[in-house]
Amino acid sequence: MDDDILNTIFDSAIKNKNIIKNRRVLTIDYVPDKLLFRTKESTAIAQSLSVILKNGRPSNLLIFGKPGTGKTAVVKNVIEHLHNKTNQLDINLRFPFINAKNSNTPYKILYEIAEFLGINKEEKKMQVFFTGLSMSEATDRILDFIKRKSIKIVLVIDEIDSIVNRKGDDILYNFTRANERISSDQFISLIGISNSLTFKDKLDPRVKSSLSEEELVFNPYTVEQLKQILIDRCKLAFYENAIPMGVINLCAAIAGRETGDARKAIDLLRVAAEIAERSMTKKITEDHIRSAQQKIDSDTNFEILTNSTLHTKIVILSIIKSKNGSTGEIYGIYQYFCSRLEQEPLTQRRMTQIVGELDQLGLITTNIINQGRYGRTQRIKLHIHISSVKEVVKNDPLLSSFIKDISN
DNA sequence: ACTCCACAGGAATAACCGGGCG
DNA sequence: CGCCCGGTTATTCCTGTGGAGT
């Protein structure tokens, strides 16, 4: 009996290959051959780097743009082409691609660079070890290696903003100044990719000027552009006729409404396709997209909620429990909940701050309303489905007894 | 026209917390 | 180990405000 169920699942997984042709195309790190609507940016980067082919040193480059605007993909793409050219011309160019978010300490970044360059195949006293060297020694060894092998380097640091926050200016400073320490036919050029537009202000002024010799801003895609991108991607990812036009339109509209995030649009498509496959249909429908969005949303909401603090959760519960959603009412309920938990309640000021943060995260919506004689307050409403909150409450040992409080 | 509710939300400041360093 | 430092969290105190009620 159970065997039968399992067999049907597996059988249909084998048989039902009507939708996804190439799953890899829909993953995050897939870089398409040609990037739509980014020719301007591509050429800008290519031009800046092309001086390498004329034996020059390219300017350091700083790239800004919201997530999912194709920054990383464009850079990878340009560099790949450039690499082909330099190989033909016998130019010894290397381009370490470091994601600063993954290697979050400055030393780890040095180590990754060293790994990439293959320094650790060298003699022992020239290696950069996983640990044990001082920052300056590691930098020296890398520079030394570059000098001996006369390598030209274009160092790409993705999500560069995350190391600046964490006291990582020094490493950037060292690298931007490194050119002074090596001879003229070698160089280190830096391409920094940042999600935050304000990141430049946080930089040490010494680094700022040299790092941003050139700048490039990636604007979000429009809905129409997203649509084209999706059409393009669908041709590779899905079998013919598996995905109607209307579905693509919906997908683009959903992603465009928020931030013009192409990654999100493609994510949406992938999850929808998975849902469709599981339900054993031959086509992806608009309903699949909608349930995919729901799944993605509730997953992220669940993530946010489980990771938030106890008091934030209590505030959410108070919002659910409240009738008209005014600050005063919610604070009252909140205090009551705190007393039941034998928790010292936070001040109302702090609670309004938390409410503001939740609003930012999109878990709730707030509206300031004036009630004249009866003052001025917010109308706070839950913006997500109660079921995801329930799920979180159930899993929280302290709060699990509150599940019945929000059940009606 | 004036009052005054019920907060919003800014500024200053204190408490706390995790990581680096001698 | 204690100490310091930067960042976050929370408190205190505060000024500002749109419009129903009078």
Side-chain angles (χ1 to χ4, degrees), chain A residues 100-112 128-139 159-174 194-208 303-339 341-383 392 396 398-399:
Chain A
K101 201 150 220 169
N102 298 341
S103 6
N104 38 17
T105 71
Y107 186 84
K108 193 121 182 272
I109 291 169
L110 287 179
Y111 174 74
E112 298 249 333
V128 174
F129 303 106
F130 184 71
T131 180
L133 292 182
S134 69
M135 289 287 289
S136 58
E137 180 61 21
T139 324
E159 319 222 28
I160 195 170
D161 33 338
S162 68
I163 58 168
V164 174
N165 298 334
R166 193 62 238 149
K167 188 70 190 87
D169 296 45
D170 301 0
I171 183 177
L172 295 178
Y173 181 68
N174 282 338
S194 160
N195 284 331
S196 123
L197 291 158
T198 56
F199 137 86
K200 225 178 83 176
D201 307 332
K202 292 184 193 163
L203 274 176
D204 189 316
R206 300 170 313 179
V207 183
K208 191 151 111 186
E303 195 72 5
I304 294 170
L305 274 175
T306 31
N307 292 331
S308 51
T309 62
L310 174 66
H311 283 273
T312 305
K313 288 177 192 168
I314 302 175
V315 171
I316 290 268
L317 291 179
S318 311
I319 291 168
I320 292 170
K321 187 79 176 163
S322 76
K323 193 71 205 114
N324 60 24
S326 69
T327 304
E329 187 200 6
I330 290 170
Y331 189 63
I333 300 168
Y334 164 78
Q335 280 177 314
Y336 162 67
F337 279 157
C338 281
S339 73
L341 284 165
E342 294 173 350
Q343 286 279 325
E344 198 62 27
L346 304 174
T347 53
Q348 181 163 329
R349 178 72 189 85
R350 176 62 188 146
M351 195 197 74
T352 56
Q353 234 173 63
I354 289 173
V355 166
E357 284 158 18
L358 288 171
D359 188 21
Q360 285 275 303
L361 290 168
L363 298 189
I364 60 176
T365 55
T366 65
N367 256 325
I368 302 146
I369 49 159
N370 287 299
Q371 298 163 300
R373 190 79 249 277
Y374 306 103
R376 181 173 202 258
T377 185
Q378 291 188 100
R379 182 119 304 165
I380 302 162
K381 279 188 300 186
L382 195 69
H383 191 246
V392 175
D396 191 314
L398 269 173
L399 294 174

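Side chains included, hydrogens not; waters and symmetry mates left out as well; all remaining heavy atoms used. Everything numeric here is computed off the predicted structure, so don't read it as measured data. To find a chain, count down the sequence lines: A is the first, B the second, and so on, and within it residues start at 1.
- A close approach under 4.0 Å does occur between a side-chain nitrogen or oxygen of A:Gln378 and OP1 or OP2 of B:dA8.
- Within the model, atoms CE of A:Met351 and SG of A:Cys338 stand 10.0 Å from one another, a figure rounded to the nearest 0.5 Å.
- Ranking C:dG18, C:dA10, B:dA8 by closeness to the A:Asn370 side chain, first place goes to C:dG18.
- Contact check, A:Thr327 against B:dA8: a side-chain N or O comes under 4.0 Å of OP1 or OP2.
- Across C:dA10, B:dC4, B:dC7, the shortest atom-to-atom separation from the side chain of A:Gln348 is found for B:dC7.
- Rounded to a whole Å, the CZ atom of A:Arg373 is 7 Å from the C1' atom of B:dT3.
- The side chain of A:Arg376 has B:dA8 as its nearest neighbour among B:dC5, B:dG9, B:dA8.
- One can place CD1 of A:Ile314 at 11 Å from P of C:dA10, the figure rounded to the nearest angstrom.
- In this structure, A:Arg350 atom CZ and B:dG10 atom C1' are separated by 15 Å, rounded to whole Å.
- At least one side-chain heavy atom of A:Val392 sits under 4.5 Å from a side-chain heavy atom of A:Lys313.
- No close placement of the A:Tyr334 and A:Phe337 rings is indicated, their centers lying 6.0 Å or farther apart.
- Using a cutoff of 4.0 Å between basic side-chain nitrogens and carboxylate oxygens, A:Arg350 and A:Glu344 are not scored as salt-bridged.
- Distance alone, capped at 3.5 Å, is enough to place a donor-acceptor pair between the A:Asp396 side chain and the A:Leu398 backbone.
- C:dT9 atom C1' lies 15 Å from atom CG of A:Leu358, rounded to whole Å.
- Taking atom CD on A:Gln353 and atom P on C:dT12, their separation rounds to 13 Å, with Å as the unit.
- When rounded to the nearest whole Å, the span between CE of A:Met351 and C1' of B:dC7 equals 11 Å.
- Checking B:dC4, C:dT11, B:dC7 against the side-chain heavy atoms of A:Thr347 singles out C:dT11 as nearest.
- Look at CD on A:Glu344: it is 13 Å from P on B:dC16, rounded to the nearest Å.
- Neither OP1 nor OP2 of C:dG19 sits under 4.0 Å from any side-chain N or O of A:Tyr374.
- Separating the CD1 atom of A:Ile368 from the P atom of C:dG19 is a distance of 12 Å, rounded to the nearest angstrom.
- Interface remark: the A:Arg349 side chain does form a donor-acceptor pair with the B:dG10 base, using a distance-only criterion of under 3.5 Å.
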